[in-house]
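We name chains A, B, ... by the order of the sequence lines, and we start the count at 1 in each one.
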Amino acid sequence: MDRLVALCKRRGFIFQSSEIYGGINGFWDYGPLGVELKKNLKDAWWHDIVRCPAIGPDNEFLEMVGLDCTIIMNPKVWVASGHVGGFSDPMVDCRETKNRYRADHILVAEATVSRNSKRDSLGNLAVLDGDTSVTDWLKRANKFAKKSGGGEVFPVNIDAFAKYTNLTREEQLLVIGPDTDKPGTLTEPRQFNLMFESYAGAVQDDSSKVYLRPETAQGIFANFRNVVDTSRVKVPFGIAQIGKAFRNEVTPRNYTFRSREFEQMEIEFFIRPDTAHEWYKFWRDSRFKWWQGIGLTSSHLQLREHDKDELAHYAKEGAGTSDIEYKFPFTDPGYGELEGVAHRTDFDLRQHAQHSGLGDKLKYFDQELQLQLQAQGLAKEEIDKRCKYFPHVIEPSAGADRGTLALLCEAYTDDPGRPSGVVMKFHPRMAPIKAAIFPLVDKDGMPEIAAKLYQDLRTTWNVQVDNKQNIGKRYARMDEAGTPFCFTIDSQTLQDQTVTVRHRDTLQQERLNIAQVRSFLAEKIG
RNA sequence: GCGGGCGUAACUCAGUGGUAGAGUCACAGCCUUCCAAGCUGUUGGUCGAGGGUUCGAAUCCCUUCGCCCGCUCCA
């Protein structure tokens, strides 16, 4: 990983943001090669999702439209989405053990023990919220009882627990932390607001407070009505968006993997509620195949269905959530999430219907269903009731920066056999530079032929000419940039109009007529 | 936020109190007929920053900033 980070810096893929001022934690810049790589990823996504989407499970072309929303929206959006409440979890530190807990995950109950037919207190014991809270607590209580002279602990049930957050500060000071044996080691709960705040307008007070969006999805939900009213889309259809999002992470870590400013590629796909399972499976599987199709072909890519207990609040009742994960060098042997595919039910549209006051006006009217039901001869009231609904949503949400990082990790290949010692084996569609053109020597008319070929190819692809230094160094530079093809003009070119093409991954060369170079690249890159 | 480690040239590093160095890269020129060959030259560092000790600090002390690893959180 260190070698990859060094290469990214050296070749201009990724720089630390504002490096000359000492950098800033959790923010990263893309250099000349990195921006091409990331743009290729985003362009491929936009092309394959919006412009040229696959055939759906209903054997129809998918109906997809794009959207580009602002980063700052009316703050009520974030109240409705639950981010204002849910993204500011109070945290508690333990001074003794240096552990940190979510305050609302700490449960407290007084432990009492029976001694000499009296009931003695052992103190207010804390445990972490979970399936085993009661048994964990009992184990601790028994341990405390044993230490302090025996006796039988009075059992408790789940209702006996108080949340740490609901205690007064005086009560909190009496709590014995989850991993200590003394009271008073836990700090006061502190807010970690995961949304960046700013102010719209000159006056900085609560009335002008705004947030930088923590996800692009809410802009899509907020525009649901506009898109339906203006673009003739019919359920099932999707709205796609690529854009920046911001989360004030407690600990940005692992290179660009958890950045505070990052870019998402999100789809909200609106469907009839009763078709959720088939659409969920469709998106889960097609998104997995897509990542494979742009070069993540190794066993480092995996699809993982979420367990019930890790589902987000809005997805509990849904068809499921799964992650497309990549085994990064820093997560190995674990995996890190590239994209989440979630059935969000109708949670978000309902929230916005309620908070905006629009209510049923935000519902979708399904005219196709209306025709079907009319044909079945149902009563008008029944038809209206069933045709007007909040569509359910399947959300494939991918990280563009994480995707770019996965492409870099996948491509990185040590090869002591070649001069550079390392080669970036990007899929040709993703490669920042598609081809390089080398005059074997910088004279005898070769540079002129190279320039002519460059003039032709650059109208379609990002190509480079390099006539500096010997040919080996030039190949080595292109290996580190991950350029899949190098065309070399040599003395034979002067006689028969052929050039050599050198394949990055195999080092093999073949001769090609210079007139065929364009069709060769078109076939290999698409 | 807490604990541990690390900051010297664009990169990899040497330099433990006495004039800041090496290799690589980059750039210019020469040379060069297929994988970082060779020659000449050039650019580039207030040694992360600030303060202190000292005749003198990259080096010792304090503070601070940034990065890496762990805890917590998370896409």
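- Judged by distance alone, with hydrogens and angles left aside, A:Arg418 brings no side-chain donor or acceptor close enough to the base of B:C35 to form a pair under 3.5 Å.
- Straight-line distance from the CG atom of A:Leu338 to the C1' atom of B:C74: 15 Å, rounded to whole Å.
- For A:Lys443, taking side-chain heavy atoms from C-beta onward, the closest of the listed nucleotides B:U32, B:C74, B:C34 is B:U32.
- You'll find the side chain of A:Asp348 reaches within 4.5 Å of the side chain of A:Gln218, heavy atoms only.
- Atom-to-atom, CG of A:Asp466 to P of B:U32 comes out at 19 Å; the value is rounded to the nearest Å.
- The side chain of A:Lys468 contributes no N or O atom lying less than 4.0 Å from OP1 or OP2 of B:A26.
- Checking the phosphate oxygens (OP1, OP2) of B:A36, no side-chain nitrogen or oxygen of A:Gln469 falls inside 4.0 Å.
- Here the nucleotide nearest the side chain of A:Lys9, chosen from B:C25, B:C34, B:A10, is B:A10.
- From A:Glu263, atom CD reaches atom NZ of A:Lys42 across 3.5 Å, with rounding to the nearest 0.5 Å.
- The gap from the P atom of B:U72 to that of B:U19 amounts to 50 Å, rounded to the nearest Å.
- Between the C1' atoms of B:C6 and B:G17, the separation comes to 23 Å (whole Å).
- When the side-chain nitrogen and oxygen atoms of A:Arg477 are compared with OP1 and OP2 of B:A26, one or more of them lie within a distance under 4.0 Å.
- In this model, the phosphate group of B:C74 is not approached by any side-chain N or O of A:Asn248 to a distance below 4.0 Å at OP1 or OP2.
- For A:Val441, taking side-chain heavy atoms from C-beta onward, the closest of the listed nucleotides B:U32, B:A26, B:C34 is B:U32.
- For A:Ala476, the listed nucleotide lying nearest its side chain is B:A36; candidates were B:A36, B:C68, B:C73.
- Nucleic acid contact class of A:Gln508 (heavy atoms, under 4.0 Å, all strands): none.
- Put simply, CG on A:Leu440 is 11 Å from C1' on B:C35, counting in whole angstrom units.
- Separation of atoms CG (A:Asp415) and CG (A:Asp479) is listed at 8.0 Å; rounding is to 0.5 Å.
- Ring-plane geometry between A:Tyr326 and A:Phe328 is classed as perpendicular, the angle between the planes exceeding 60 degrees on a 0 to 90 degree scale with a lower cut at 30.
- Ring pair A:Phe246/A:Phe196 is perpendicular by interplanar angle, where above 60° counts as perpendicular and below 30° as parallel.
- Nucleotide B:G3 forms a Watson-Crick or G-U wobble pair with B:C69, both donor-acceptor distances falling under 3.5 Å.
- For A:Trp28 and A:Tyr255, the distance between ring centers is under 6.0 angstrom.
- Of the two residues contacting RNA chain B, namely A:Gly399 and A:Ile489, the nearest-nucleotide position lying further toward the 5' end is that of A:Ile489.
- To the nearest whole angstrom, the two C1' atoms, one in B:U32 and one in B:A14, are 34 Å apart.
- You'll find that the side chain of A:Gln16 is closest to B:G66, out of B:C69, B:G66, B:C34.
- Look at CG on A:Asn254: it is 14 Å from C1' on B:C71, rounded to the nearest Å.
- The side chain of A:Asp444 approaches B:U33 more closely than any other nucleotide in the set B:C74, B:A36, B:U33.
- Residue contacts for A:Ser259: at a heavy-atom cut-off of 4.0 Å it reaches a base atom on one of the strands shown.
- Mapping A:Arg260 and A:Thr500 onto RNA chain B by nearest heavy atom places A:Thr500 at the nucleotide closer to the 5' end.
- Side-chain proximity of A:Asp442 to the nucleotides B:U32, B:A36, B:C35 is greatest for B:U32.
- A donor N or O paired with an acceptor N or O is not found under 3.5 Å between the base of B:C35 and the side-chain atoms of A:Arg474.
- Considering only side-chain atoms of A:Arg247, the nucleotide from B:C74, B:U33, B:C35 that sits closest is B:C74.
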